[in-house]
Amino acid sequence: MLPIAAIGLEQVRLPVRDRLRAVEGELRDMVPSGFEELDEVGDYLFERSGKLLRPTLLLLCDGIAGRPSADAVKLGAIVELLHVATLVHDDAVDHSARRRGRPTVNDRWTHQVAIIAGDYLYSRAVIEVSALGKLELVSILARTANRMTVGEMRQLVLHDRLDFTRDDYEDLCEYKTASLMSAACELGTLSGGAAHRGATRAYGHHLGMAFQIVDDLLDYTSSTEVMGKPPGQDLQEHKVTLPLIAALPKMEWSERRAVETLFADPAPSAGAVGEIVDLVEARGGVDSAREEARSRAGRARDQLDGLPPGPCLEALRAAVDYVVERVR
């Protein structure tokens, strides 16, 4: 077995590598609108393959019982459409200029174009899942899209608030990130082995929680070269995430005041952000968040006990290690 640090996404994808290529083909077929200006945005969004983590999880869960479904490839593409739609909207709401080292849609075009493009991807996903003719699939995806939208509103309302609690943070992670990973795993199991639906849904939930915590952790620990965005961007945008939540109660009055000063500044300097990043690490916020991510990962791994053995199960286990140990 590979050491944890050596596990990459390619190892996770291995049992479904060929089916993921089919997912990419489905995406290319789904995105065109017939309207040149909108198709230009779609081409930009999908000209490079993303991680396809959610379709990967869906296909692995689809294969867990050894009865892969023909619907799973299309469902994988639909889940990726939803995911990309949320990224486009997130960047517009946050006025983010870069994602994965590239200009965002709102930076390259306009905020209006970004909102329209995100809406188009959402509605395209609804059309595609409806065409499968299975009401339960529509219900799961519609409910998930609704929860993700509520999650984005939660983040907007709680933006800039240092009284943002750990419970608030967990609710936000569940709505924004874990809901779609959980749905992807459940959809895959519905296609290929419905008896395991509860276990894979819970697996996806805990994995999604760990994924978001690690994402927020990387904002404190990674570099621009690795992440494609500057470290401390969440602080720059006045976002309160778990490292800061965990560190705040351990800060001296003067340190807390420094954080409040940064959050009161509409455009804090890179130096000011760097000081708070260092302070959060010194007060144990980074270690606390890392511990919570590993705890969630362990809960995800526990859900796999009793599932049918085979390459897909081993890849789902590897996905847990990949999520926790990733550097980008």
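In this structure, Arg13 is not positioned above the aromatic face of Tyr322 in the sense of NZ or CZ being under 6.0 Å from the six-membered ring centre and within 45° of the axis.
Between His89 and Tyr122, the angle of the ring planes lies from 30° to 60°, which puts this pair in the tilted group. Between His111 and His95, the ring-plane angle classifies as tilted under the 30° and 60° cut-offs.
For the residue pair Thr104/Asn106, the side-chain donor-acceptor check at 3.5 Å is satisfied.
Between the Thr86 side chain and the His83 main chain, a donor and an acceptor come within less than 3.5 Å of each other. Looking only at distances, a side-chain donor or acceptor of Ser182 sits under 3.5 Å from a matching main-chain atom of Arg201. Under a 3.5 Å cut-off, the side chain of Asp62 and the backbone N or O of Pro68 do not form any donor-acceptor pair. Proximity of a side-chain donor or acceptor of Glu186 to a complementary backbone N or O of Thr200 within less than 3.5 Å is not detected. Under the 3.5 Å distance criterion, the side-chain polar atoms of Ser123 are matched with a main-chain donor or acceptor of Asp119. For the pair Thr56 (side chain) and Leu52 (backbone), a donor-acceptor distance under 3.5 Å is present. His238 places a side-chain N or O within donor-acceptor distance of the main-chain N or O of Leu262, the cut-off being under 3.5 Å.
Between Glu170 and Arg166 no salt bridge is recorded (no basic side-chain N to carboxylate O distance below 4.0 Å). Under 4.0 Å is where a charged nitrogen must lie from a carboxylate oxygen, and between Lys239 and Asp94 at least one such pair does. Taking 4.0 Å as the cut-off between side-chain N and carboxylate O, Arg21 and Asp18 count as a salt-bridged pair. Ion pairing between Arg326 and Asp215 holds under the 4.0 Å rule for side-chain N and carboxylate O. With salt bridges taken as basic N to acidic carboxylate O contacts below 4.0 Å, none links Lys250 and Glu255. For the pair Asp168 and Arg154, the salt-bridge criterion is not met [side-chain N within less than 4.0 Å of a carboxylate O]. A salt bridge is absent between Lys74 and Asp71; no separation between the charged side-chain nitrogens and carboxylate oxygens falls under 4.0 Å.
Following chains of ILVMFWY side-chain contacts shorter than 4.5 Å, one cannot reach Met153 starting from Met148, and the two form parts of different hydrophobic clusters. By the rule that hydrophobic residues join a cluster once side-chain heavy atoms approach within less than 4.5 Å of another member, Leu20 and Ile64 end up as members of one cluster. The cluster map of Ile, Leu, Val, Met, Phe, Trp and Tyr, joined by side-chain heavy atoms under 4.5 Å apart, puts Val273 and Met251 in the same cluster. In the hydrophobic cluster analysis, where Ile, Leu, Val, Met, Phe, Trp and Tyr join through side-chain heavy atoms closer than 4.5 angstrom, Leu172 is grouped apart from Val150. Both Val113 and Tyr44 belong to a common hydrophobic cluster when Ile, Leu, Val, Met, Phe, Trp and Tyr are linked at side-chain heavy-atom distances under 4.5 angstrom.
If you take CD on Glu260 and CG on Asp265, they are separated by 14.0 Å, rounding to the nearest 0.5 Å. Taken from CG in Leu190 to CG in Leu75, the straight-line distance is 9.0 Å, to the nearest 0.5 Å. If you take CG on Leu59 and CG on Leu187, they are separated by 11.5 Å, rounding to the nearest 0.5 Å. Here the straight-line distance linking atom CG of Asn146 with atom CG of Leu141 works out to 12.5 Å at 0.5 Å rounding. Here the CG atom belonging to Asp107 is positioned 9.5 Å from the CG atom belonging to Asp91, to the nearest 0.5 angstrom. The CG atom of Asp219 sits 3.5 Å away from atom CG of Asp234, with the distance rounded to the nearest 0.5 Å.
For Asp216 against Pro243, the heavy-atom pair with the smallest separation is O-CG, 4.3 Å. Closest approach of Cys173 and Gln212 over heavy atoms only: SG-CG, 3.5 Å. Here the closest heavy-atom approach between residue Val12 and residue Leu60 is recorded as O-CD1, 3.8 Å.
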* To do: Before giving the answer on salt bridge (charged side-chain N to carboxylate O under 4.0 Å, His left out), spell out for Glu24 and Arg28 the whole-Å C-alpha distance, their side-chain angles and the decisive distance to 0.1 Å.
  => CA-CA 6 Å; Glu24 291 180 306; Arg28 286 191 293 270; 5.3 Å; no
* To do: Given side-chain contact (heavy atoms from CB on, under 4.5 Å), test Thr221 with Arg290 step by step and report yes or no.
  => CA-CA 11 Å; Thr221 62; Arg290 187 175 288 118; 4.1 Å; yes
* **Worked verdict on Gln155 versus Lys176 for side chain to side chain donor-acceptor pair (under 3.5 Å)** => CA-CA 9 Å; Gln155 180 167 291; Lys176 276 195 66 182; 3.1 Å; yes
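Remark: Glu291 CD is loosely packed, at most 12 non-hydrogen atoms of other residues, nucleotides or ligands lying under 6.0 Å away. Taking a 6.0 Å sphere around CD of Glu36, one finds it holds 12 or fewer heavy atoms contributed by other residues, nucleotides or ligands. Annotation: Glu174, atom CD; neighbour count of heavy atoms from other residues, nucleotides and ligands within 6.0 Å is above 12. Under a cut-off of 6.0 angstrom, the local environment of NZ in Lys134 is sparse, with at most 12 non-hydrogen atoms contributed by other residues, nucleotides or ligands. In Arg257, the CZ atom is not crowded: 12 or fewer heavy atoms of neighbouring residues, nucleotides or ligands sit closer than 6.0 Å.
Using a 4.5 Å heavy-atom cutoff, the side chains of His196 and Tyr203 are not in contact. Residues Phe164 and Leu244 have side chains not in contact (no heavy-atom distance under 4.5 Å, counting atoms from C-beta outward).
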